[in-house]
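Reading through the structure tokens given below for one structure.
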2 protein chains.
Amino acid sequence: MSSMADGTTAEDLRARLHEQGLRLTPQRRLVLDAVTRLRHATPEAVSAEVRRTDPGLNASTVYRTLELLERLGLVRHTHLGSGPATYHAGDDAGHLHLVCEGCGRVEEADVALAADLVGRLHAVSGFEPDVGHMAISGRCRECAGQPR
Amino acid sequence: MSSMADGTTAEDLRARLHEQGLRLTPQRRLVLDAVTRLRHATPEAVSAEVRRTDPGLNASTVYRTLELLERLGLVRHTHLGSGPATYHAGDDAGHLHLVCEGCGRVEEADVALAADLVGRLHAVSGFEPDVGHMAISGRCRECAGQPR
DNA sequence: CTTACTGCAAATATTTTGCATTTGG
DNA sequence: CCAAATGCAAAATATTTGCAGTAAG
């Protein structure tokens, strides 16, 4: 019940680590699992999730592991507004993040919606947006009318 | 040399404050001046700037003042990547922020470039983006090719 | 065995808060 | 005068780091 297609991801993980003389530890497996399962999880949330399995797993290990997994290209992080960054599995990168200033919820939207913007930006200033990393704040349908 | 058209802004500030029974203090004037002069300044940068005039001005006053000015609609903040938020004068809001992951520089672009995206998002999910608050990370022309 | 990894505790960095004193109006 | 604002110091939050012990391969 802890994983679905995670067998593949775990193999990936092992392979990527060994390529660089690094080791596959239970902690690293747990962190990757948690990020995959939770979407848009803060380091704090990841810690809470992994501790359900290993209550002794330390926060600094979570931070170090997230950083490592990002270097390996297995997870990515985005800054959604004021709080801590949120992490998501790397193969889950193909969407825009819509952050509601009213209720704080995070929606996702197809990156294709930004195709026009990407093209224009590139034409105008040579800037190459990292679309999957883009956080757009605003108001969701429900919060749209309300004052604040 | 400390202000150009700031006389207007200072009047604005006084008026807005008095509307709500609040007071115009030298500290508040200095903070608004600094935000206007520096573009995209972190609270830290604002502190440094105001201390050039008033070395005793406390950091917590800067934080409190930035929050106040934002409530009054005179400044806005944006989260540009990992660091602290950056503040800019409110009437300076009409641009997108392009943050380069390579060199860290912040470019600005016309909000009109995002018109298509805004329309599509609204159509698809009812989401109303706050365009002036949008931070887009990616690679600027200079850093575009490079590995990382 | 060897060296990478973890846990822990302490150090940083950033922002917030309570309270006594000062000050704008 | 009096309520609002500041300065200061301590608290809260978020993240990083050094190091001694543990464990992957």
Side-chain angles (χ1 to χ4, degrees), chain A residues 10-11 13-35 40-48 50-51 53-72 74-75 77-87 104, chain B residues 10-11 13-35 40-51 53-72 74-75 77-87:
Chain A
E11 279 314 301
L13 179 52
R14 165 160 307 194
R16 301 267 203 143
L17 288 167
H18 285 190
E19 274 171 23
Q20 321 215 2
L22 305 176
R23 296 172 186 175
L24 178 58
T25 64
Q27 291 88 342
R28 289 176 175 175
R29 213 191 301 244
L30 285 172
V31 169
L32 180 55
D33 277 4
V35 173
H40 307 127
T42 61
E44 168 70 18
V46 173
S47 284
V50 296
R51 283 200 202 105
T53 304
D54 176 356
L57 211 166
N58 196 275
S60 58
T61 299
V62 172
Y63 280 102
R64 284 187 284 227
T65 302
L66 288 171
E67 195 189 323
L68 172 67
L69 293 177
E70 189 152 38
R71 273 204 309 278
L72 296 179
L74 295 170
V75 308
H77 80 272
T78 310
H79 295 278
L80 280 47
S82 309
T86 62
Y87 288 79
Chain B
E11 280 314 302
L13 178 52
R14 165 160 307 196
R16 302 269 202 139
L17 287 168
H18 286 189
E19 274 172 22
Q20 322 212 3
L22 305 178
R23 297 170 185 177
L24 179 57
T25 64
Q27 291 87 343
R28 288 177 177 175
R29 214 191 300 245
L30 285 172
V31 169
L32 181 55
D33 276 4
V35 173
H40 307 128
T42 60
E44 168 69 18
V46 173
S47 284
E49 180 68 12
V50 295
R51 283 201 202 107
T53 303
D54 176 356
L57 211 167
N58 197 274
S60 58
T61 299
V62 171
Y63 280 102
R64 283 187 284 227
T65 302
L66 288 172
E67 195 189 323
L68 172 67
L69 294 177
E70 188 153 37
R71 273 204 308 278
L72 296 179
L74 295 170
V75 308
H77 81 272
T78 310
H79 294 279
L80 305 168
S82 309
T86 62
Y87 289 78

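The structure displayed is predicted, hence computed values, not measured ones. Convention: sequence-line order gives letters A, B, ...; per-chain numbering from 1.
Closest approach to the A:Gln27 side chain among C:dT15, D:dG25, C:dT6 is made by C:dT6 (side chain taken as heavy atoms from C-beta onward). Closest contact between the side chain of A:His18 and the listed nucleotides D:dG7, D:dT15, D:dG25 involves D:dG25. With C:dT6, D:dT15, C:dT23 as the candidates, the nucleotide lying closest to the side chain of B:Arg23 is C:dT23.
Between the CG atom of A:Asn58 and the C1' atom of D:dT15 there is a distance of 12 Å, given to the nearest Å. B:Glu67 has its CD atom 12 Å from the P atom of D:dT6, to the nearest Å. Between the P atom of C:dC5 and the CG atom of A:Leu68 lies a distance of 7 Å, rounded to the nearest Å. As a whole-Å value, the separation of B:Leu13 CG from C:dG24 P is 14 Å. If you take CG of A:Leu30 and P of C:dT6, they are 11 Å apart, rounded to a whole angstrom. One interatomic measurement links the two molecules: NE2 of B:His77 to C1' of C:dT14, which rounds to 14 Å at whole-angstrom precision. B:Gln20 places its CD atom 19 Å from the P atom of D:dA3, with the value rounded to the nearest Å. Distance, B:Leu72 CG to D:dA4 P: 15 Å, rounded to whole Å.
Each of A:Ala85 and B:Asp54 was assigned the nucleotide of DNA chain D with the nearest heavy atom; the assignment lying further toward the 5' end belongs to B:Asp54. Position along DNA chain C of the nearest nucleotide to B:Arg14 versus A:Thr61 favours A:Thr61 as the more 5'-ward residue. Nearest-nucleotide mapping onto DNA chain D: of B:Leu22 and B:Ser60, the residue sitting toward the 5' end is B:Leu22.
For D:dT6, its base never sits under 3.5 Å from the side chain of B:Arg64 at any donor and acceptor pair.
When the options A:Leu69, A:Leu68, A:Leu66 are evaluated for a side-chain contact (heavy atoms from CB on, under 4.5 Å) with A:Leu74, the one that passes is A:Leu69.
In terms of phosphate contacts, A:Arg28 brings a side-chain nitrogen or oxygen within less than 4.0 Å of OP1 or OP2 of C:dT6. Between A:Thr25 and D:dA23, a side-chain N or O to OP1/OP2 separation shorter than 4.0 Å is absent. A sub-4.0 Å separation between OP1 or OP2 of C:dT16 and a side-chain N or O of B:Tyr63 is absent.
Checking side-chain atoms of B:Arg23 against main-chain N and O of B:Leu17 turns up no donor-acceptor pair under 3.5 Å.
Shown here for B:Arg28 and B:Leu13, the closest heavy-atom pair between the two residues is O-CD2, 4.1 Å. Closest approach of B:Thr53 and B:Pro55 over heavy atoms only: O-CD, 3.5 Å.
Residue contacts shown for A:Gly56 are limited to sugar-phosphate atoms, with no base heavy atom under 4.0 Å away.
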Check against side chain to side chain contact (heavy atoms under 4.5 Å, CB included), A:Arg64 and A:Thr61: CA-CA 5 Å; A:Arg64 284 187 284 227; A:Thr61 299; 4.2 Å; yes

